[in-house]
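The structure appears below as structure tokens.
The figures here come from the full heavy-atom set of this structure, side chains too, leaving out hydrogens, waters and symmetry mates. Throughout, numbering of the chain's residues begins at 1 and tracks the sequence.
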Amino acid sequence: MRLLTHNMLASNVRGATTGYPLTLEATKWCTKEVELNADFIRGLLPKIDWRALVDATRALGLPELLPEEQPPEEEIFAEGAADVEGSAIRRIHHALLEVHVQEGSLVCPDTSRCFPINKGIPNMMLHEDEV
């Protein structure tokens, strides 16, 4: 599961007020290189909950990957930034698309319900009494 996916998921358990953001508890994760597409990141960034993304990277033990505050667009999309190792756009791309959670769980902030992640796939299925 990519952190992009994590950023979009919410719990629909009965009793959950928002069910978002889910707390990430990873026991196994890896990185898989993906070609950077600045236009894709540009279109995606307004839809991303920055605080949830930062918290997810911290949960994986990557505290230095992203800053607490989202960098300004001028910095992220500066000409030539995509070619600079360690630039804001490269770090954001890495966090969203190259970090893959293989095993662990997602925990609902309202109900503490755990949703398992197995082989990179989060199981968000609800039990009959949770609908």
**Asked** Are the side chain of Trp29 and the backbone of Met1 linked by a donor-acceptor contact shorter than 3.5 Å?
**Response** no
**Prompt:** Okay, side chain of Tyr20, backbone of Cys108: is any donor-acceptor separation there less than 3.5 Å?
**Reply:** no
**Asked** When you measure from the side chain of Arg58 to the backbone N and O of Pro63, does any donor-acceptor pair fall under 3.5 Å?
**Response** yes
**Request:** Locate the shortest heavy-atom distance separating His93 from Leu36; write the atom from each residue and the value.
**Result:** CE1-CA, 3.5 Å
**Main-chain N/O of Val131 paired to Asn12 side chain as donor or acceptor, under 3.5 Å** = no
**Request:** Examine distances only and state if a side-chain atom of Asn123 and a backbone atom of Pro116 form a donor-acceptor pair shorter than 3.5 Å.
**Result:** no
**Message:** Using a 3.5 Å distance criterion without hydrogens, assess whether the side chain of Gln102 forms a donor-acceptor pair with backbone atoms of Lys119.
**Reply:** no
**Prompt:** Is there a donor-acceptor contact under 3.5 Å from the side chain of Glu130 to the main chain of His127?
**Reply:** yes
**Message:** Testing the basics here: between Ala16 and Ser11, what is the closest heavy-atom pair and its distance to 0.1 Å?
**Reply:** CB-O, 4.2 Å
**Complete:** Nearest heavy-atom approach of Met124 to Leu22 is CE-CD1, 3.7 Å
**Message:** Could you check whether Ser105 and Glu25, counting side-chain N and O atoms only, form a donor-acceptor pair closer than 3.5 Å?
**Reply:** yes
**Prompt:** Can the positive tip of Arg113 be found less than 6.0 Å from the middle of the six-membered ring of Phe115, inside 45° of the ring normal?
**Reply:** yes
**Prompt:** Can you check whether His100's main-chain N or O pairs, donor with acceptor, with Arg2's side chain at less than 3.5 Å?
**Reply:** no
**Complete:** The single option from Val107, Thr57, Ile117 that satisfies side chain to side chain contact (heavy atoms under 4.5 Å, CB included) with Leu24 is Ile117
**Request:** Determine the sole option in Leu53, Val54, Ile48 for which the side chain to side chain contact (heavy atoms under 4.5 Å, CB included) test with Arg51 is passed.
**Result:** Val54
